[in-house]
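Take this structure first; my questions come after.
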Amino acid sequence: MPKPQAAKLTLNKDTPVQRLRAAYLFITLFMIGGLAGCGFTPVYGTGSPIGQTLSDIQVAAPNTREEYMFVRSLEERLMRNPQAQKTLKYNISFSEVGLDIIDVSRSQILGKVSYQLVDEIDGKVVVSGSVESFTSFSTVENFPTLMRNNAQERLIDILADRVLSDLTAKLAMI
């Protein structure tokens, strides 16, 4: 009687998952090479036209606590340049809306910033626009003023980011 032979199990090293990974790697490398070949430069990169324009902006002086926080937030992103040829002028407004959801008391702070980028040489408006956002906070806590101030600070940071994004997008279209 012949001996039973053990079944040979062979693993195919070229599985569909491995082929898919190899295809993704090839496509990724092809795209990176394509970007390098087309002269791609980052928007904020040194030497880019928008990067140079953003470095030539000073933010108008603040008058209130909220404006001070807004200017500080923008200058963290733009860097301070007192010799700049362009001034970013802004108007910030806030409103508060109470939200009474079943057994939960929250308020929303709505914020809007209207801005103009003015060329100081000729006084012309280069770009203008407005952005809006909101944050909310709990009014049930023991420290509603602290919660309101914290929400307002978060909102100001969001608005500064949105102003910078909107400004950058509009400068790219000029």
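Predicted, not measured: the structure shown is a model, and the values here were computed from it.
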Query raised in the report: To the nearest 0.5 Å, how far apart are CD in E75 and CD in Q58?
Result: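 Rounded to the nearest 0.5 Å, the CD-CD separation comes to 9.0 Å.
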Query raised in the report: CZ/R77 to CG/L74 distance, rounded to the nearest 0.5 angstrom?
Result: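 Here the interatomic distance stands at 7.0 Å.
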Report task. Verify side chain to side chain contact (heavy atoms under 4.5 Å, CB included) between Q108 and T135, making sure each step is shown before the conclusion. Result -> CA-CA 6 Å; Q108 280 187 338; T135 56; over 6 Å; no
Query raised in the report: Of I156, D157, L155, which meets side-chain contact (heavy atoms from CB on, under 4.5 Å) against M69?
Result: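 For M69, the side-chain contact (heavy atoms from CB on, under 4.5 Å) check succeeds only for I156.
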Query raised in the report: Would D119 and K124 pass as an ion pair if we require N to O under 4.0 Å?
Result: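 So D119 does not pair with K124 through a salt bridge.
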Report task. Output the distance between atom CD (E76) and atom CG (L164), rounded to the nearest 0.5 Å. Result ->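 With rounding to 0.5 Å, CD (E76) is 12.0 Å from CG (L164).
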Query raised in the report: S114 and N91: side-chain donor and acceptor closer than 3.5 Å?
Result: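 Distance-only check fails for S114 and N91.
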**Report entry** Approximate separation, where rounding is to 0.5 Å, of S73 OG and D161 CG
**Finding:**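 Spacing of OG (S73) from CG (D161) equals 6.0 Å.
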Query raised in the report: In terms of side-chain heavy atoms, does R106 have a donor or acceptor partner in S136 at a distance below 3.5 Å?
Result: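 Their side chains do contain a donor-acceptor pair, which is all the 3.5 Å distance test asks for.
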**Report entry** Verdict with reasoning, I109 to R148, per side chain to side chain contact (heavy atoms under 4.5 Å, CB included)
**Finding:** CA-CA 8 Å; I109 300 176; R148 178 181 290 109; 4.0 Å; yes
**Report entry** Pair R162 + E132: basic N to acidic O under 4.0 Å
**Finding:**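 Salt bridge: no.
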Report task. Starting from the C-alpha separation in whole Å, work towards a yes-or-no answer on side chain to side chain contact (heavy atoms under 4.5 Å, CB included) for E96 and F137. Result -> CA-CA 11 Å; E96 192 171 321; F137 63 97; 3.5 Å; yes
Query - Lys/Arg-Asp/Glu bridge criterion (N-O < 4.0 Å) met for R65, E153 - result: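 Here R65 pairs with E153 in a salt bridge, since their nearest N and O are under 4.0 Å apart.
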Report task. Among residues two or more places apart or on two chains, list those pairs meeting ring-ring contact (aromatic ring centres under 6.0 Å, His included) that have a residue in residues 61-97. Result ->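 Found F70-Y90.
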Query raised in the report: Between atom CE of M147 and atom OG1 of T145, what is the distance when rounded to the nearest 0.5 Å?
Result: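 Rounded to the nearest 0.5 Å, the CE-OG1 separation comes out at 11.0 Å.
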Report task. Quick one: pull up CG in L159 and CD in Q152 and give me the separation to the nearest 0.5 Å. Result ->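 Answer for the CG-CD pair, L159 versus Q152, is 10.0 Å.
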